[in-house]
Amino acid sequence: MAPIANVVLRGRTFHFRRRVPTGLCSTLRLNEMVRSLGTSDARTAKLRACQLYVASEAIFSTLNATPMLTDAQLARLVQDLTLPPGLPSFLS
């Protein structure tokens, strides 16, 4: 199978990785978003990675439009936009 964008395999579990845009690193206090996809199945990993890519894009867009969020608002935004349920958020 061809490599999946923004996905790395650690042991038997796939993980999502995405670089945070340089202008948002200080706001998010992260250089990259990393999250377990909770699966060893490549098809499931690809689907979940796509969902997380869209969610991270929404986070970046919101932060660019509203740069003065409080820490609580930022945490809520990240929690609300990370999918699927049951997996740890980017900031945990």
Side-chain angles (χ1 to χ4, degrees):
M1 178 175 250
I4 305 168
N6 298 95
V7 174
V8 294
L9 182 61
R10 294 183 183 161
R12 294 183 180 184
T13 304
F14 287 98
H15 289 75
F16 175 81
R17 288 182 64 187
R18 183 166 185 201
R19 186 184 64 78
V20 173
T22 306
L24 297 177
C25 287
S26 61
T27 303
L28 285 173
R29 296 182 211 120
L30 295 170
N31 290 323
E32 67 178 4
M33 294 180 154
V34 180
R35 182 170 169 192
S36 171
L37 295 173
T39 186
S40 59
D41 179 68
R43 287 184 181 199
T44 303
K46 184 175 182 177
L47 175 63
R48 290 180 183 174
C50 288
Q51 292 172 325
L52 287 173
Y53 188 90
V54 170
S56 63
E57 196 62 33
I59 291 168
F60 300 154
S61 295
T62 301
L63 290 175
N64 282 323
T66 316
M68 299 301 289
L69 295 174
T70 66
D71 287 345
Q73 290 170 322
L74 178 60
R76 177 64 186 221
L77 172 69
V78 172
Q79 262 185 334
D80 288 348
L81 294 176
T82 53
L83 298 173
L87 294 177
S89 76
F90 291 120
L91 298 178
S92 62

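We're numbering straight along the sequence, starting at 1.
- Tracing side-chain contacts under 4.5 Å through hydrophobic residues (I, L, V, M, F, W, Y), one never reaches Ile4 starting from Val54; they form parts of separate clusters.
- Taking CD1 from Ile59 and CG from Leu28, the interatomic distance works out to 7.0 Å, rounded to the nearest 0.5 Å.
- Residues Met33 and Leu52 form no side-chain contact, since every pair of their non-hydrogen atoms from C-beta on lies 4.5 Å or further apart.
- Counted within 6.0 Å of CZ on Arg10, heavy atoms from surrounding residues, nucleotides or ligands total more than 12; the atom is thus considered enclosed.
- Distance CZ/Arg18 to OG/Ser56: 4.0 Å, rounded to 0.5 Å.
- For the atom pair OG1 (Thr22) and CG (Asn31), the distance works out to 8.5 Å, reported to the nearest 0.5 Å.
- The shortest side-chain heavy-atom distance between Val7 and Leu37 falls under the 4.5 Å cut-off.
- Counting heavy atoms from C-beta outward, Leu74 and Leu63 have side chains that approach closer than 4.5 Å.
- Checked for salt-bridge contact, Arg29 and Asp71 meet the test: a charged N lies under 4.0 Å from a carboxylate O.
- Taking the side chain as every heavy atom from C-beta outward, Leu47 and Thr44 never approach each other to under 4.5 Å.
- One distance of note links CD of Gln73 with OG1 of Thr62; it measures 11.5 Å at 0.5 Å rounding.
- Considering only heavy atoms from C-beta on, Phe16 stays 4.5 Å or farther from Val8 through its side chain.
- The CZ atom of Phe14 sits 7.5 Å away from atom CG of Asp41, with the distance rounded to the nearest 0.5 Å.
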Exercise. Dump the intermediate steps for salt bridge (Lys or Arg N to Asp or Glu O under 4.0 Å) on Glu32 and Arg17, then the final yes or no.
Key: CA-CA 7 Å; Glu32 67 178 4; Arg17 288 182 64 187; 2.8 Å; yes

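- The CD atom of Gln51 sits 13.5 Å away from atom NZ of Lys46, with the distance rounded to the nearest 0.5 Å.
- Two residues are said to be in side-chain contact when any heavy atoms from C-beta on lie closer than 4.5 Å; Leu9 and His15 fail this criterion.
- When all heavy atoms are compared, the tightest approach of Ser36 to Thr13 is OG-CG2, 3.6 Å.
- Annotation for Ala5 and Ala49: closest pair O-CB, 4.4 Å, computed over non-hydrogen atoms.
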